[in-house]
Amino acid sequence: MKRLVLLTALLLLLTSLAPGALAQDDGYTIAFVPGVNPDPFYITMSTGVYQAATDLGLNIIQQDPERFDVTVSAPIIEALIARGDVDALVTAPNDKEQSIPVLQSAHEAGIPVLTVDTFIGDGNYADGEVTFPISYIGSDNTQGGYIACSALADALPEGSKIYVTNTRPGISTTDQREQGCLMAAEDRGLVVARVDYNENSADMAQQQTAAVLQANPDIVGMFATNLFGAVGAGNAIQNAGLQGAVEVALFDAGEENIQFLRDGVVSLVIAQKPADMGYLGVALATAYLDGVGSIPARIGTGYAVITIDNVDDPDVARFIYTSNTTDPAPALDDSYNLAFVPGVNPDPFYITMSRGVYAAAERLGINVIQQDPERFDVTVSAPIIEALIARGDIASLVTAPNDKEQSIPVLQSAHEAGIPVLTVDTFIGDGNYADGEVTFPMTYIGSDNTQGGYIACSALADALPEGSKIYVTNTRPGISTTDQREQGCLMAAEDQGLVVARVDYNENSADMAQQQTAAVLQANPDIVGMFATNLFGAVGAGNAIQNAGLQGAVEVALFDAGEENIQFLRDGIVSLVIAQKPADMGYLGVIAQVANLRGVTSMPARVPTGYAVITIDNVDDPDVARFIYTG
Ligand code: T6T
């Protein structure tokens, strides 16, 4: 039992608890402090920031450090904290270590911090050196450096010497790009003859590059780790007439760097996605302020790799940075119809999810068309979705598919009709929308259900003697969530010495679960533990145990924090209730759809939403109780 308490405490720690419930509190003020400005990279980032602010009805206070330097940015942030009216801070810290204290002060002043582009500490905000920032949204810079120097290796003979112009040690992004380049050079047989630091100055990079290339005619390749270094490198090569003689890969798709590509001075430009960073930074800060705790600690924003062959392809060219701020597109209105089709209703789980859907939709000013299947059954939900497609006025679909395989065709039809599909709670195919069986849905937002089943049956193992027999009441095979919970429970039982005596399927009916549970427990008095994989099974199981007077004699773990299940906990009938976060799923699903409309391509293919594990000891803690579902 002690281990159960520990496990519960640990899970609660892992469960990031956001400040408030899903309240509509108009007009948050979000401070945006880029790394430096003017810089086309951060100007492009600001287009995403202002688009999100327009969409969500927020105020932005943007303050630009005039140098990429923590001694410039820290006082700016201190002054923002002192104002007392900043609700959240989105910033690109100038130094991994030296930016920590001022961001910690913001955090301690109650201002949630999200970092974009650069990170502090080791960048692992889940369980690394610094964990107070909510999220780090930016490129995978080690990968970016690796891509750049692999391209040089592809173009040059083995053993060729290359030169790297970098900014300054301590900047997370460019440190990692240098490291990625060195790894590629080692793997692919290039020699990194020299690395210089240019203090983020194009002039200094130009002088250094000119001097190095003149003194070392055997250097035949070079990599510039950011926009200013790239401008300097391109100018030096152009002035020395070395185009073609030195193979060049540049980071950052500023307009000058793209011109170098067109002029044959460089062969590769790596575009980051700063607008995505800005949009998601602001949108997820807002979600957090609205009580959504399931913000990913890390969002990788990807690249567009630009060469002379694709620079005019509009799908690539749209990632070229802008040097001018542009007006955001107007906010959406109620002519934007988002269709929301839950798994079934009424069901407190999906009712709670719809609270998240409507909270996000209200911020965005869009219209929700919710249509509820009356059974959790693809033969009921598919015609509903077909009818929605036929209307011709649906802009996007957020849905919890009823069956991993059988829901595919109708969702594919929606996708083919130009309606972006995002799944919440359940998935189709194998749930890996990045490169799995089915990849057309944008994102799958939901619990890690294998983990959830594992937690439940580990708790039973903690409370019961080894070798004890347990019973599982599940819904129906084919439902992604409950399939995985059963699987997670079986894994825990195997790992921890429980015997799963029987699994029954209750067709998502509390009555059937109750009858089956009563019969099984009566016929098998040696069954001393049970797990119900969802809300309806849990209600049936709880009722059966209560009616048979078996409270205390059978150890019970339930999925889903409906009010009846919480009452079973209070009445001592069950010892553990696992609350999912359906409101987070709904909120984030809506935000992701509108981000997609705005051209954001960096929403992760999978967003796990975490759990609150509820026991009699924490059920009245408001930070836990807020996850109890509403009817
Ligand atoms: O490369 C970007 C950014 O990723 C880096 O952190 C700093 O330099 C840039 O802003 C480009 O100037």
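Numbering of ligands and ligand atoms starts at 1, following listing order.
Looking only at distances, no side-chain donor or acceptor of N59 sits under 3.5 Å from a matching main-chain atom of T29.
Within a 6.0 Å radius of CD in Q238, more than 12 heavy atoms belonging to other residues, nucleotides or ligands are found.
Counting only N and O atoms by type, the side chains of Y146 and Q176 include no donor and acceptor under 3.5 Å apart. Judged by distance alone, the side chains of E255 and Q259 never bring a donor and an acceptor atom under 3.5 Å apart.
The residue from L588, N596, T443 that alone fulfils the side chain to side chain contact (heavy atoms under 4.5 Å, CB included) condition with L422 is T443.
If you check which protein heavy atom lies closest to atom 10 (O) of ligand 1, you get D39 OD2, 2.7 Å.
Set against the non-hydrogen atoms of T118, the atoms of ligand 1 under 4.0 Å away are 6 (O). Against a heavy-atom cut-off of under 4.0 Å, F228 is close to the following atoms of ligand 1: 12 (O). Every atom of ligand 1 with a heavy atom of T173 under 4.0 Å away is listed here by number and element: 5 (C), 6 (O). When each atom of ligand 1 is checked for a heavy atom of D117 under 4.0 Å away, the hits are 3 (C), 4 (O), 5 (C), 6 (O). Applying the 4.0 Å criterion to heavy atoms of Q272 picks out, from ligand 1, the atoms 1 (O), 2 (C), 3 (C), 4 (O). Taking a cut-off of under 4.0 Å to the non-hydrogen atoms of R177, the atoms of ligand 1 that pass are 1 (O), 3 (C), 4 (O). Set against the non-hydrogen atoms of L227, the atoms of ligand 1 under 4.0 Å away are 11 (C), 12 (O).
When the heavy atoms of I270, D252, N94, V116 are ranked by distance to atom 1 (O) of ligand 1, first place goes to D252.
Using a 4.0 Å cut-off between charged nitrogen and carboxylate oxygen, R298 and D140 do not count as a salt-bridge pair.
A cation-pi arrangement is present between R177 and F251, with the terminal nitrogen or guanidinium carbon under 6.0 Å from the aromatic centre and inside a 45° cone about the axis.
Residue N226 has at least one N or O atom closer than 3.5 Å to an N or O atom of ligand 1.
Inter-residue side-chain proximity for N235 and F260 is flagged as met; some heavy-atom pair is nearer than 4.5 Å.
If you look at Y42 next to ligand 1, the close heavy atoms, those under 4.0 Å, all belong to the side chain.
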